[in-house]
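Notes for the one structure printed next.
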Amino acid sequence: MSSPLIDAPAAHSAPSARALPPLSATERVVYACLERLARLPLGFWRNLGVFFGWLAYGVLLIRRDRWRAADTNLRLCFPDQSAQWRRRILLQHCIRLAQSTLDRIWLWHGSEALLRERLHLQGDAGALLQRKPTILFAPHFVGMDAAAMLLIPLLHDRACISIYTPQRNQVFDRWIRRGRGRFPNGLPVWRADGIRPVIAALRKAGVLYLLPDMNFGPQESIFVKFFGHPAATVPSLSRFARLGRAQVMSAITFMGPHGYTVHLGEPWADFPTEDVYADTQRMNTHLEAWIRQRPEEYFWLHKRFKTQPEGMPPVY
């Protein structure tokens, strides 16, 4: 049986898509092995993830800068919790992060039947299936790639757009790009290409899978509250919705014993407004409610509060 990842188109018919080089002989062998590994039971990957999660936790303890960043994030966002609680959450996070990384083997190399078995949708997809420009607010929970593998084939007749930042390691970069592009309607737009290809695809009833919940520096951001603290936040959700005339829905992915569940929300009412600050604050407040449900699955290793308003001291 041929690999779905090897046979999938490497590039898409859009000016912003960057063509991937043909697979080398070594890559073909590796990908064929990954396809066979993808058939292993989910329990194998999850148990292996526990092992690697403990190793990652040990590395985190050694790399004190990373530990301080993650611990500071949790301390700022959950001030009523103890240091012991933060350590437990960080250990659980390392395990979930390792498990989700290994899960990409079966997400990107497994059969579509396997994906249907392990990826579940919770919520009404009616609004999503209408041919309307749509933005899916998909923040940085560990299962973010799992949601894409469920939703992209569901929207097989529409462009599914994601904004891609190239990885430094070229081999890893190619693996990610081929994995996320395994379905032909996936349209990766490189961050350096700007917003025009995104807006053009949206206005043709495309679906944008957007992850705007990281600190990209003061040039691209505005300051709104995140768990009560000023956080430099990219206002792209509001701006893309306005420019693309798009509805906004949340797509939050949590891990489970079966695989992953994607929680698809209803279209946001009265969004966007004329107030980009209010819209972006609404996004952060919405995200906070989901993080409180599964704090161990949110990505805490990022220095979310690195950029501070002028005159305020650094937090890390």
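Predicted model, so just to flag it, every value in this text is computed and none were measured. In what follows, every heavy atom counts, from backbone to side chain, and hydrogens, waters and symmetry copies are set aside.
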- [ ] Starting from the C-alpha separation in whole Å, work towards a yes-or-no answer on ring pair (Phe, Tyr, Trp, His ring centres under 6.0 Å) for H302 and H140.
- [x] CA-CA 10 Å; H302 172 66; H140 283 81; 7.6 Å; no
[atom1] of [X]: more than 12 outside heavy atoms within 6.0 angstrom?
X    : atom1 : answer
W54  : CH2   : no
F44  : CZ    : yes
R196 : CZ    : no

Could you report the tightest heavy-atom contact between [X] and [Y], atom names first, then the distance?
X    : Y    : answer
A138 : L211 : O-CG, 2.9 Å
P230 : Q308 : O-NE2, 3.7 Å
E297 : T253 : OE1-O, 4.0 Å
L136 : A251 : CB-CB, 4.3 Å
G194 : P197 : O-CD, 3.8 Å
A269 : R282 : O-NH1, 2.8 Å

Open item on the list: So, applying side-chain hydrogen bond (donor to acceptor under 3.5 Å, both in side chains) with D71, which one of R86, R87, R66 is it?
Closed with: R86
Quick one, [X] and [Y] - any side-chain contact, counting heavy atoms below 4.5 Å?
X    : Y    : answer
P139 : I252 : yes
L115 : Y260 : no
L97  : S100 : yes

So, [X] side chain and [Y] main chain: donor-acceptor pair closer than 3.5 Å or not?
X    : Y    : answer
R180 : W175 : no
W45  : W106 : no
R46  : G259 : yes
D145 : L107 : no

Open item on the list: Between Q247 and T134, is the side-chain hydrogen bond (donor to acceptor under 3.5 Å, both in side chains) condition met? List the steps.
Closed with: CA-CA 5 Å; Q247 64 180 351; T134 301; 2.9 Å; yes
- [ ] Identify, with sequence neighbours excluded, every residue that meets side-chain hydrogen bond (donor to acceptor under 3.5 Å, both in side chains) alongside Q99.
- [x] R96
Open item on the list: Set out, in order, the CA-CA distance, both residues' side-chain angles and the distance that settles side chain to side chain contact (heavy atoms under 4.5 Å, CB included) for F305 and H229, then state yes or no.
Closed with: CA-CA 8 Å; F305 302 100; H229 301 278; 3.8 Å; yes
Task: Test side-chain hydrogen bond (donor to acceptor under 3.5 Å, both in side chains) applied to R174 and S24, step by step - done: CA-CA 11 Å; R174 289 197 296 271; S24 67; 5.9 Å; no
Between [X] and [Y], does at least one N-O distance fall below 4.0 Å, as a salt bridge requires?
X    : Y    : answer
R131 : D157 : yes
E296 : R88  : no
D279 : R239 : no

TODO: Check the pair F227 / F78 against ring pair (Phe, Tyr, Trp, His ring centres under 6.0 Å), numbers first and verdict last.
DONE: CA-CA 8 Å; F227 283 96; F78 298 93; 5.4 Å; yes
Task: For F141, ring-ring contact (aromatic ring centres under 6.0 Å, His included) partners two or more places apart - done: F254, Y298
